[in-house]
Amino acid sequence: MRTDYCGRLSVDDIGRTVTVCGWVSKRREHGEFLAFVDLRDRTGIIQCVVDHAHDIRSEYVLAVTGTIRERPPETINHELPTGAIEIGEATVEILSEAEPTPFQLSGRVEVDETIRIRHRYLDLRTDRMQRNLRSRALINAAIRRAMDAQEFVEVETPMLIASTPEGARDFVVPSRLNPGNFYALPQSPQLFKQLCMVGGIDRYYQIARCMRDEDLRADRQFEFTQLDMEMSFVDGQEVRAVVSQAVAEAAELITGHKPSAIPEMSWLEAMNRYGSDKPDIRFDLELVDLTEIFSETDFNAFKAPCIKGIRVEGGGETGRNKLDQLTDKAKTWGAKGLVWIKVGESGEVSSPVAKFMSDAEIAGLIDKLGAGNGDICYLVADEWRRAVHVLGLLRLELGRPPVNEGGFHFLWVIDFPLFEDIDDAGNPVPAHHPFTMPHLEDLELLAASGEDPSVLLDVRSQAYDLVLNGWELGSGSVRIHSRDIQQQIFDLLGIGEEESQRKFGFLMDAFRYGAPPHAGFAFGIDRLVALLVGEENIREVIAFPKSQSGTDPLTEAPTPIDSAQLDELGLRLLPPAN
Ligand code: ASP
């Protein structure tokens, strides 16, 4: 239908007769007989001069034929790539009319997100969504190229499966042929990719859709896409090298330059320096350990196992209101309190608790934090975990740059603990999934845990996370490939032999027939794309997302099903719980 795309026309085309197709972005009258129409397609906009008599409104779909000519100098639009030319005396064919749209599609108007999602087909016409989806496709293609080049085989794993233990709630699908039985939608292809390794695939990948029934957030949707991969006969280092290559190619495509090699940091170091297992290393404001300085203190609030502080350069001006707000926040994060100490312009120290500290303690903390005149220091005294957690959040609150500033800082966090907690029933809670291999040197601790379960918290795992600007992009690990160690972990987790056989028997059985040592990883493509294009919310890089409440304002899913369908599935609904 067309000879050219709107946005690709240029002064080189002057004199050519062209036909372009697209949507009316704007119409302006031009004297008595003519009108300017800005026609938009996926490549951009071209101005067309058309006969005034045409009844053309915004978002009409047109085919416009005319000759490209130079614009008079005073009407050149330098903001538009095609701003020096126009299609003169064009003939117009209206291909489709359009009602007035519920929101404006050009310019930077804030539109309620539910309205945008309800009319996503209109929202997709905006520059922002066009750019985001195009970037997403380019990133997917770059990842595929990187994986193909490294000899990975793309394998599609099933969507209707038994449960996967990623720790979230499953979405379930009733089985018509097996009434009373349910499939789960995959939370990840974890077990299948491990089976692929037993099956000799050696290098597997998939751009996989995963489903987890968790509360939605800015960086979380029910369904998401991840690069899922697994390799045989490798250690974690080799997995990280492959993944680094894939994300580097994706990042280079969008930013135009190759990111430098991704640094690695142990989980313990990340927690100590940044108070987070996904540190945003775009900025410093690091946590400093002050425990030693207060080892003999008389200040009751500081008789704690751990004291940490941060220093904000030039923060001495912070007013009382703001300090009260920060203290309240720290309490909601679990702190008993937040201590602040200001160093005045001539070195004098002020703090509501200065009178409880000795001169040596004050001098010591100022020295350790490197505080100078005009600075403020914040201190938290608590158990180690809570102290670093609270200061880590305070660090973000005080220093985190906006999503589109500060460049792209990838980081590998390695040596995660195997368990993150011991639950009330005395069972350890796995930090990753239960197929993660412990550090071989720490296997003894597993054996010793019978007497003292708390030693389990010291067991390191061979698990690693990839972090970008403070967002967790994904996780992976070296897997357990021995039935004995796997059963030992299941036992510790309180998953008995019967339950493990019922849930993961197929994997344990597969391991009877020669399981290669293997390791893998998965990272969220929605999150990677969002960060690379500078969006705070992954919904902006998903064509048809769910709203915050988990519903789809466009199709109105989820919807009730009729009673015939329920009967067929052998289901009866209970009255809604109040
Ligand atoms: N299955 C894990 C996940 O989806 C990733 C992995 O361990 O490879 O988070």
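Whatever order the structure lists them in is the order used to number ligands and atoms, beginning at 1. In what follows, residues are counted from 1 in the order of the sequence shown.
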Worksheet entry | Element-labelled atoms of ligand 1 that are located less than 4.0 Å from some non-hydrogen atom of Q190 | 1 (N), 2 (C), 5 (C), 6 (C), 7 (O), 8 (O)
Anything under 3.5 Å between a donor and an acceptor, one on a side chain of residues 142-152, the other on a protein residue two or more places apart or in another chain? List them.
{"residue": "R144", "atom": "NE", "partner": "E154", "partner atom": "OE1", "Å": "3.1"}
{"residue": "R144", "atom": "NH2", "partner": "E154", "partner atom": "OE2", "Å": "3.0"}
{"residue": "D148", "atom": "OD1", "partner": "Y205", "partner atom": "OH", "Å": "3.0"}
{"residue": "Q150", "atom": "NE2", "partner": "A146", "partner atom": "O", "Å": "3.3"}

Practice prompt. State the atoms of ligand 1, each with its element, that fall below the 4.0 Å cut-off from a heavy-atom position in F521.
Written response: 8 (O)
Worksheet entry | Cation-pi geometry met for R400 and F283 (6.0 Å, 45°) | no
Worksheet item: Hey, does E230 come in under 3.5 Å of ligand 1, counting only N/O atoms on both sides?
Response: no
Worksheet item: Counting each atom of ligand 1 from 1 as listed, which ones have a heavy atom of Q226 under 4.0 Å away?
Response: 4 (O)
Worksheet entry | Option among V247, L411, V413 that satisfies the side-chain contact (heavy atoms from CB on, under 4.5 Å) test with L466 | V247
Worksheet item: Backbone or side chain, does any N or O of Q187 fall under 3.5 Å from an N or O of ligand 1?
Response: no
Worksheet item: Between R479 and S477, does any side-chain donor sit less than 3.5 Å from a side-chain acceptor?
Response: yes
Practice prompt. Taking the six-membered ring for Trp and the single ring otherwise, decide whether the centroids of W412 and F521 are under 6.0 Å apart.
Written response: yes
Discussion item. Can a side-chain donor-acceptor contact be found between N272 and W384 if the only test is distance below 3.5 angstrom?
Written reply: yes
Worksheet item: Heavy atom under 4.0 Å from ligand 1: found in S475's side chain, backbone, both, or neither?
Response: backbone
Worksheet item: Taking atom types as modelled and ignoring hydrogens, do the side chains of T225 and R136 form a donor-acceptor contact shorter than 3.5 angstrom?
Response: yes
Worksheet item: Which of the atoms in ligand 1, numbered in the order shown and given with their element, are less than 4.0 Å from a heavy-atom of S188?
Response: 1 (N), 4 (O)
Worksheet item: Any N or O on K193 sitting closer than 3.5 Å to an N or O of ligand 1?
Response: yes
Worksheet, complete the sentence: At under 4.0 Å between heavy atoms, what of R479 touches ligand 1? The answer is side chain
Worksheet item: With no hydrogens and no angle check, do the side chains of Q486 and R483 hold a donor and an acceptor under 3.5 Å apart?
Response: no
Fill in: Side chain, backbone, both or neither: the part of R212 lying under 4.0 Å from ligand 1 by heavy atom
side chain
Worksheet item: Do any nitrogen or oxygen atoms of S477 lie less than 3.5 angstrom from nitrogen or oxygen atoms of ligand 1?
Response: no
Worksheet, complete the sentence: protein heavy-atom neighbour closest to atom 2 (C) of ligand 1 works out as E166 OE2, 3.4 Å
Worksheet item: Is there a donor in the side chain of Q221 and an acceptor in the side chain of D526, or the other way round, less than 3.5 Å apart?
Response: no
Worksheet entry | Under-4.0 Å heavy-atom contact with ligand 1, by part of M229 that carries it | neither
